[in-house]
Each structure stands twice: as C-alpha cells, then as structure tokens.
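To find a chain, count down the sequence lines: A is the first, B the second, and so on, and within it residues start at 1.
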2 protein chains.
Amino acid sequence: MQDNEKKNKKQEIYREAAKLFMEKGYNAASMRDLADRVQLKASSLYSHIGSKEEILVKICFDNAHRFTEGMDKVEKMNCNTAEKIESLLKLHIRTAIEETTAVTVFNDEWRHLSEPYLSDFISMRKDYENRFRKIIKLGVEEGDLKNVNAEVMLYSLLNSVHWLHKWYKPEGKIKAEELEKDIIEMLMGGVKIER
Amino acid sequence: MQDNEKKNKKQEIYREAAKLFMEKGYNAASMRDLADRVQLKASSLYSHIGSKEEILVKICFDNAHRFTEGMDKVEKMNCNTAEKIESLLKLHIRTAIEETTAVTVFNDEWRHLSEPYLSDFISMRKDYENRFRKIIKLGVEEGDLKNVNAEVMLYSLLNSVHWLHKWYKPEGKIKAEELEKDIIEMLMGGVKIER
DNA sequence: GTCTATAACTTGATAGAC
DNA sequence: GTCTATCAAGTTATAGAC
C-alpha cells in the first residue's frame, strides 16, 4: 500500500514536471516550483526521484521511442509512399493531441540533456529523419511525390506537425478529426485551388 | 572615436548575445559566457548595456516590427490572396535565412520576457496572426484557397516557415532560391502528384 | 571602460531529526 | 517519506579603485 502510494506520487511528480517544463522551460523551472505543485518540500522530491535531469531524460526518450516504433510499423506497411507519409503525419498529429505536454518537452527541451544522453538522443532523431527521408526519396523516384528537394520536403512536413502544440488546444473548437483531415489535405494537396 | 568604439562594442555584445541565446537558450546563457565571447569581464558588460533582458527585449521587438511592417506592405498589394500568402511566406523564409540568430531567439525565447514586455509582445503577435487569418478567410471565400479550417491553414503555413532555422543552414547545399521556390511550391500546391 | 570584489539571491542536491 | 537546515555553486548586477 505504501509502495503503491509512492508509485502514485512518483507518477504525479513526473506529470507535473512535464507541465512545468512546458510552461517555463527546463532551466527556468525549479525543483521548488515542482515541489509546490505536488505539495512537498523540494528536498522530499528526492525520495521519489534521483535528479531533475532524470525526469527530462525519461520524457525525451519515451517519446523518441514512440516515434521510432511508429516508423517501424510504417516501414512494414504494404502501400505507396504517399500513404506512408500520411501515416507518419497522423502519428505526429495524434501524439501532439494525446500527449501534449510530453511532446512539447520532447521538442523544446531536449537540448538541455547532458552527455551521454544528448548524443544518444540526437542519433535517435537523426535515424528517424533518415528513415523518413528515404521514404520521400523513393516517393519522388516512383512519381508519387513532386520533384521537390527531399530535405525541404522532409522538414516542411515535419515542422508543420512538429510544432502543433504551440497553437492547437485539444479542448478548443477544432476537433481532433478535423485537425487531422485538414492538415493532411493541406500538406498532401496544397492550399491553392488551380483555376 | 571613443564613442565609436563603444558603439562597436555594444553592437558586438548584441550580436554575440543573440548567438549565445540561440545556442544555449536565454536562461542557460550567462553574462559570464557572454563576457568571455566579447573578451570582457562580466561586470564590464554593464558599461555598454543596462541588463541581460534589455538584449532579449531588443531582439524580440526588432523582429516583431519587421514582420508587422512586412504585413503592412502585403495588405496594400493589389493582387489575389494566394499571391499575398506567397509574399508573406517569402518574408518569413528570407528573414530566417538572413537573420538566422535573431529569428531563432525571437521564436524560441520570447516567453522569457518579463512584464510588461511579455504582454506587449503577445499582442503584437496576435495582431499579426489576425491579419494573416483575415487574408486566408478572404481567400477561401473568393475560391482562391481550399476550404480548410482557417486556423489550421494559418498555423500549418506559419509552422512550416517559422521553424526553418531549426534545420536550414544558409552555408549548406541548398541555395536560398531553391529553398524559397520549393517551400512555396509545396505549401501552395501540396506534395502529392495526382494520377 | 575595464577591472576586482562582492552583494543579494537562486539553483540542485544532501544530512540528519522525526 | 517528509521535514528543517544547510551547502556549494551559480546567477545578475553594483561599488569603487584605477
């Protein structure tokens, strides 16, 4: 029972830390801030966690794994490249909606990781981007996608969905399904009506 | 002459501060770091500037004004909405290329402004977004643009160009003209080839 | 204008009573 | 497990000699 309570407190600390890092940024968020939010003194946090950075490490790598696993599945799909890209975009959009705080920290605060975490994180991200780029290049070769620089296409797509959390509020007017549909339509088909 | 040297030193401090804020983030960048880069002791910085925040304020508002002025010009243009949006996208792309460090700080670090700067900054940004949204809504009404939620279109476009500095290096393989052409083609016309 | 010295404060983390 | 007390290090900024 006590063990269970401790686990709950630990989860609560992680959850509130993610929110705090999102709101203030990792460096500006202090352990005293965090302690206030979970109704503890700062020193008591250390009965549940080892360090401030431990929290950042967990958030960053949990999310990195999520995207890596998503990529594993997409690569195995038996469909054309445009559909693969749509699947990846959906993965980003859904994660941004369902795990807003975690994704925000993952996107904005990873650079405050110290070594060796920082290097590991960067290689995981590079690996993900390489696999995404490969799909784009194949799509261009096969005539599925427009002949635009693969680098430009990769990051234009990723940026559009990567920073969703900066403006989209799941509790707002726009429903998740509409968001997903409209973004995919825009990115895949463009904004302009030809006439 | 001495006055001139002081001015140069001040500019040097501002320039290096922007780089430092970009590399480490505003909070993680210390005045000692900055002093090292301009070959001064930290205390000597205060002969040239008033405070650390003063630098952040200048960077943020200089860039906010740049975009506001760009919007002024676009609104006065005598052309259709699709062309207006293209012009705004070009403004973002060119600024990201020409003023990489300043734009990075403007995008990533504005939230560390304290009041009243923070509120002022947020209203300027909201104002800019409102004017951009108005153009999009008119474009949809007039049949220039696809009937996609204006909010989604606004932020998908803005995100694509807003975070260019996260990956695009002006000294790399991709030329500025190619970047501009490809992004505009992609965003306006989509990535997919219909067949 | 630049320096040394330092004020005043905040930071992450630990020691030890209970 | 939580607390009070505290440490060591780092922060922005200032005072005052030169």
Should the pair B:H92 and B:Y128 be assigned to parallel (<30°), tilted (30 to 60°) or perpendicular (>60°) ring geometry? perpendicular

If I take atom CE in residue A:M31 and atom P in nucleotide D:dT2, what distance separates them, rounded to the nearest angstrom? 14 Å

How many Å lie between NE2 on B:H48 and C1' on D:dA13, as a whole number? 15 Å

How would you label the contact of B:A29 with the nucleic acid (heavy atoms, under 4.0 Å): base, sugar-phosphate, or nothing? sugar-phosphate

Distance col, row A:K84:NZ vs A:I136:CD1, nearest 0.5 angstrom, shows 13.0 Å

Correct closest heavy-atom pair for A:R111 and B:F21 would be NH1-O, 4.4 Å

If the plane angle is over 60° it's perpendicular, under 30° parallel, otherwise tilted; pick one for A:F121 and A:F61. perpendicular

Minimum-distance nucleotide (side-chain atoms of A:S51 versus C:dA13, D:dA13, C:dG12): C:dA13

B:L45 CG to D:dT14 C1', in whole Å, measures 13 Å

If you compare every side-chain N and O of B:S44 against the phosphate oxygens of C:dG1 (OP1, OP2), does one of them come in below 4.0 Å? no

With under 30° as parallel and over 60° as perpendicular, where do the rings of A:Y26 and A:H112 fit, or are they tilted in between? parallel

Looking at D:dT14, I'd like to know if its phosphate oxygens (OP1 or OP2) sit under 4.0 Å from a side-chain N or O belonging to B:Y46. no

Can you tell me the distance, in whole Å, between the CG atom of B:D33 and the P atom of D:dA13? 14 Å

In whole angstroms, the gap separating P of C:dT2 from CG of B:L34 amounts to 13 Å

Among C:dT2, C:dA13, D:dT11, find the nucleotide with the atom closest to the side chain of A:K52. C:dA13

Determine whether a donor-acceptor pair (one donor, one acceptor, N or O, separation below 3.5 Å) exists between the side chain of A:R32 and the base of C:dG12. yes

Before we go on, tell me: are the rings of B:F67 and B:F106 under 6.0 Å apart, centre to centre? yes

Of the residues in residues 36-43 of chain A, which ones touch DNA chain D at a heavy-atom distance under 4.0 Å? A:L40, A:K41, A:S43

Can a donor-acceptor pair be found, under 3.5 Å and without considering hydrogens, that links the side chain of A:S156 to the backbone of A:M153? no

For atom NZ of A:K9 and atom C1' of D:dT2, their distance in whole Å: 10 Å

Could you state the atom-to-atom distance from NE2 of B:H112 to P of D:dT11 in whole Å? 15 Å

Tell me: CD of A:E53 to P of C:dA13, nearest whole Å? 9 Å

